[in-house]
Every structure is written in C-alpha cells, then in structure tokens.
Amino acid sequence: MEVPFVTFRPMEKELDKEIRAAFETVYSNSWYIEGEEDGKFEKAFAEYIGMDYCVGCGNGLDALVLALKALGIGAGDEVIVPSNTYIATALAVTYAGADVVFVEPDIKTYNIDPALIEASITGKTKAIMPVHLYGQACDMDPIMKIAGEHNLYVIEDCAQAHGATYKGRKIGTFGIAAGFSFYPGKNLGALGDAGATVTGDKQIADKIRAYGNYGCDYKYHHIYKGNNSRLDEFQAAFLSAKLKHLDRMNTARKAIARKYLEGIKNPLITLPFVPDYADPVWHIFAIRCDRKDELQKFLRDAGIGTNNHYPIPMHLQECYKDLGFKEGDFPVAELISRTEISIPMYYGMTDEQIDYVINKINEFT
Ligand SMILES: *Cc1c(COP(=O)(O)O)cnc(C)c1O
C-alpha cells in the first residue's frame with residue numbers, strides 16, 4: 001500500500017465545483033488585486049477567529065513582519081521566539097530589523113516553555129512570539145502573564161494552527177496581533193502563497209494594511225516606506241470557499257490523530273502529548289524515535305511517506321551563523337531535530353491507510 005506524507009487530491013476532488021466557481025467569479029469580475037473578494041475573505045476570517053480585524057497579505061512570513069513593523073518593532077529591539085519552529089518565525093524578526101532571542105521548547109509539548117521565558121527578557125525585549133507548532137496551542141496563560149508583567153507585546157504565529165483552541169478559546173485571539181499562513185499545505189491553504197494578520201486594534205490593522213501596500217494610506221499618498229504584500233483576488237476567493245470546510249476538515253484530522261494515539265503502541269516511539277488546555281488541529285502529527293533514520297527508511301520501504309519538522313534547528317542554520325551559536329546551545333531543540341518524524345496526516349486519508357501506518361510503525365523493532 002502507498003500512503004503519501006500528504007496529498008491534496010481528496011480535498012480537491014470534493015471542493016472541485018466550489019473552487020472552479022470561485023475562479024469564475026474573479027475572472028468574470030476582471031479585477032485581481034484589492035477588490036471585493038479580499039474584503040469578503042478578511043471579514044469571514046476575522047469572524048472565524050473572533051478578532052475584529054483581518055488584513056490579508058502575500059504569505060505567512062509577511063503576516064508576521066507586517067505585525068512587527070506596525071507595532072514599531074525594529075532595530076535595537078529583541079523578540080523572543082521558540083528555538084523549535086519553522087525558520088519563518090525567526091526570519092520575520094530579522095526582516096523587521098530586530099534581534100531574535102531563542103527560548104527552548106518544553107520537550108513534552110514541543111512548544112515554547114513559559115518557565116524559561118523570563119530569564120531571556122532584557123531591557124531591549126519588545127515582544128514574545130509564541131508559535132502554536134504542529135497545530136497545538138502554546139500554554140497561553142503563563143505567556144500572557146509574563147508579557148503583562150514586563151509590558152511586552154505578544155504576537156502569535158498561528159501558521160500551523162487555524163482553528164486550534166486553548167482552554168476553548170481560539171488561538172490568534174490572545175496577542176495584540178497574530179499571523180496566519182495560507183501556504184497550500186497549511187490547514188487552511190490557498191492555491192498559491194497567501195497570508196493574513198488578525199488584530200483587535202483598528203490602528204494596528206490600518207498600519208499593517210498600509211505597510212503591505214507601499215506604505216500608502218490612500219492612493220498615491222505614502223506615509224511609510226512600505227512594501228508590496230497583498231492578498232490577491234483569486235486566492236481570497238479560493239480561501240473563502242475553503243474556509244467553510246475548515247472545521248469539518250480539522251475534525252477529520254482529529255479523528256486520524258485519535259486513531260494514531262490509540263493504535264501506535266511501540267516502546268521505541270514517543271507520541272505527541274496533548275495537555276488538557278489544548279484542542280489541536282494536527283497540522284503535523286509528530287512522533288519521536290531515537291533511531292529516526294532507520295524508522296524513516298523502514299516506513300519508506302513500506303510505501304509510507306514521512307517528513308521532518310525540522311531537520312536543522314534555526315540556531316545551527318547557515319543563515320544564522322552570525323549569531324555565533326554552536327551545537328549544544330539549545331539541546332531541547334536539537335533533540336527534537338534529531339528524533340522527530342512527521343507521519344502522514346491529511347484530509348481524506350482512508351481507514352485502511354491509517355491502519356496500515358499504525359501497523360507498520362508497531363512492527364518496527
Ligand atoms: C508556514 C509557516 C510560516 C510562514 O508561512 P509562509 O506562508 O510560508 O510564508 C511561519 N511560521 C510557521 C510556524 C510556519 O509553519
């Protein structure tokens with residue numbers, strides 16, 4: 001049996017008519033940037049998350065950069081990010097001109113360890129950027145408490161967690177702003193690159209919109225040296241169509257995760273830990289194994305696709321050489337990098353495929 005790491009085919013088949021209708025709408029409107037569809041999606045997504053404002057942009061990286069810029073964070077400032085995340089989180093801080101400060105994750109949840117944040121706060125710290133990694137909420141109560149006590153902004157990186165909740169409340173509603181990615185593989189994915197920032201603050205929303213549109217507040221009037229990062233009409237229309245199915249598709253992912261959690265019983269494997277406060281949407285189902293390479297080869301030989309999130313921690317990446325870190329500086333992030341395997345998780349996985357993955361993993365000795 002073949003089980004790919006991910007495929008969009010079952011979802012595409014199901015949504016075929018709606019996606020083609022969305023294309024038709026935009027094409028017959030003959031209007032491609034800053035139009036009706038953008039506004040419609042922004043309104044629907046803001047409502048879905050439960051924030052007053054949503055500003056669409058070109059991708060998830062920009063969603064975070066624009067939030068940082070709108071908050072006035074830049075040169076000379078420090079922003080705390082987890083040492084275990086996709087590199088976009090750190091690059092957003094770098095692009096804004098600020099300095100990245102890595103804080104280790106909790107080895108059980110893989111998310112930033114709130115108990116370690118305070119020791120990394122300095123006089124230059126302006127914000128904490130928690131990442132709800134793999135689709136599971138960070139422990140937001142202690143993070144918000146620390147931020148409050150030190151007068152720091154919280155900007156949530158929600159790129160992997162559309163619809164996830166913390167104590168019943170949607171992530172993306174805790175911080176001053178939150179960035180979402182609609183990269184095709186994300187839980188809510190466009191048919192290309194797209195992103196959005198949500199916030200409860202109108203001034204910040206206006207600033208973000210201006211920054212992402214050449215720093216312009218009205219046509220040909222430029223108040224900031226902005227860039228160009230806008231949500232185009234096609235992607236907005238596709239996203240509106242897909243948003244209607246997000247909860248249902250997240251529920252399907254949860255059912256797959258439940259089967260994995262119940263069925264995988266192998267002493268060589270560490271399964272994800274779900275704290276009581278979290279209701280994850282399983283962007284990624286991350287298992288850990290000390291013999292990662294062997295297990296991945298074993299699964300590949302059995303026709304099962306896997307992936308690693310992420311094989312090289314950020315502090316050891318070539319591009320961050322200038323920070324001067326070496327192996328051993330962030331042992332928890334390094335341990336995750338060394339042992340993490342992402343197993344198939346996508347809408348439309350059949351019961352046979354799920355059982356096959358479970359059985360194969362259990363067979364590994
Ligand atoms: C995908 C992702 C991003 C960036 O999103 P893009 O749309 O690819 O720019 C940011 N942070 C995390 C955690 C991500 O997974």
Side-chain angles (χ1 to χ4, degrees), residues 5-6 8 41 45 54-69 79-96 100 102-103 105 109-112 127-138 143 154-164 171-172 174-175 177-198 208 211-212 227-232 234-236 238-239 242 250 253 280-286 307-315 317 319-320 333 336-337 340 342 345-346:
F5 170 65
V6 70
F8 305 142
F41 173 71
F45 194 68
C54 169
V55 183
C57 64
N59 54 64
L61 171 66
D62 286 348
L64 297 170
V65 175
L66 293 169
L68 288 161
K69 289 217 167 213
V79 177
I80 290 174
V81 306
S83 55
N84 177 49
T85 176
Y86 181 52
I87 197 152
T89 315
L91 282 177
V93 175
T94 303
Y95 269 118
V100 186
F102 295 121
V103 168
T109 64
Y110 310 137
N111 277 328
I112 194 164
I128 306 170
M129 204 182 266
V131 182
H132 308 290
L133 202 68
Y134 308 147
Q136 177 165 297
C138 295
I143 294 173
V154 171
I155 301 157
E156 296 170 74
D157 182 339
C158 300
Q160 302 192 357
H162 319 68
I171 56 104
F174 290 87
F180 286 84
S181 163
F182 306 120
Y183 177 80
K186 302 293 163 92
N187 289 41
L188 178 60
L191 275 63
D193 274 317
T197 313
V198 300
I208 290 172
Y211 266 119
N227 70 349
N228 175 7
S229 186
R230 301 174 294 216
L231 178 61
D232 73 72
F234 278 119
Q235 299 308 336
F238 297 147
L239 286 166
K242 291 179 82 175
N250 277 342
R253 286 175 178 269
V281 292
W282 303 103
H283 172 57
I284 281 163
F285 194 94
N307 217 325
N308 303 109
H309 297 92
Y310 294 89
I312 306 170
M314 290 175 299
H315 67 284
Q317 291 284 357
C319 66
Y320 278 126
I336 296 169
S337 286
E340 193 275 346
S342 308
M345 169 58 73
Y346 53 87

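As the structure lists them, so they are numbered: ligands from 1, and atoms in each ligand from 1. This is a predicted model, so every value here is computed, not measured.
- Checked against the 6.0 Å centroid threshold, Phe45 and Phe182 count as a close aromatic pair.
- The side chain of Val131, and not its backbone, has at least one atom closer than 4.0 Å to an atom of ligand 1 (non-hydrogen atoms only; side chain from C-beta on).
- Under the 4.5 Å side-chain criterion, counting only non-hydrogen atoms from C-beta, Tyr86 is not in contact with Leu61.
- Polar contact check, Asp157 against ligand 1: a nitrogen or oxygen pair lies under 3.5 Å apart.
- The distance criterion of under 3.5 Å between nitrogen or oxygen atoms is not met by Leu64 with respect to ligand 1.
- With respect to atom 15 (O) of ligand 1, the closest heavy atom belonging to the protein is Gln160 NE2, 2.8 Å.
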Requested in this report: Would you check, one step at a time, whether the test side chain to side chain donor-acceptor pair (under 3.5 Å) holds for Tyr134 with Ser342?
Outcome: CA-CA 10 Å; Tyr134 308 147; Ser342 308; over 6 Å; no
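- Distances shorter than 4.0 angstrom occur between a heavy atom of Lys186 and an atom of ligand 1.
- Rounding to the nearest 0.5 angstrom, the gap separating the CE atom in Met345 from the CZ atom in Phe5 is 9.5 Å.
- Side-chain atoms of Leu133 and Gln160, non-hydrogen and from C-beta on, do get closer than 4.5 Å to each other.
- Side-chain rings of Phe8 and Tyr346 stay apart, their centers remaining 6.0 Å or farther from each other.
- Taking SG of Cys57 as the start and CZ of Phe180 as the end, the distance is 11.5 Å to the nearest 0.5 Å.
- Within the listing of ligand 1, atoms 2 (C), 3 (C), 10 (C), 11 (N), 12 (C), 14 (C), 15 (O) sit less than 4.0 angstrom from a heavy atom of Ala159.
- An N or O contact shorter than 3.5 Å is missing between Tyr86 and ligand 1 by distance.
- If you check each of Gly185, Ala88, Ala161, Ala194 against atom 3 (C) of ligand 1, the one with the closest non-hydrogen atom is Ala88.
- Closest to atom 9 (O) of ligand 1, if we only count protein heavy atoms, is Leu61 N, 2.9 Å.
- Considering backbone and side-chain atoms together, Thr85 places no N or O closer than 3.5 Å to any N or O of ligand 1.
- Leu68 places a side-chain heavy atom less than 4.5 Å from the side chain of Val93.
- Closest to atom 8 (O) of ligand 1, if we only count protein heavy atoms, is Ser181 OG, 4.0 Å.
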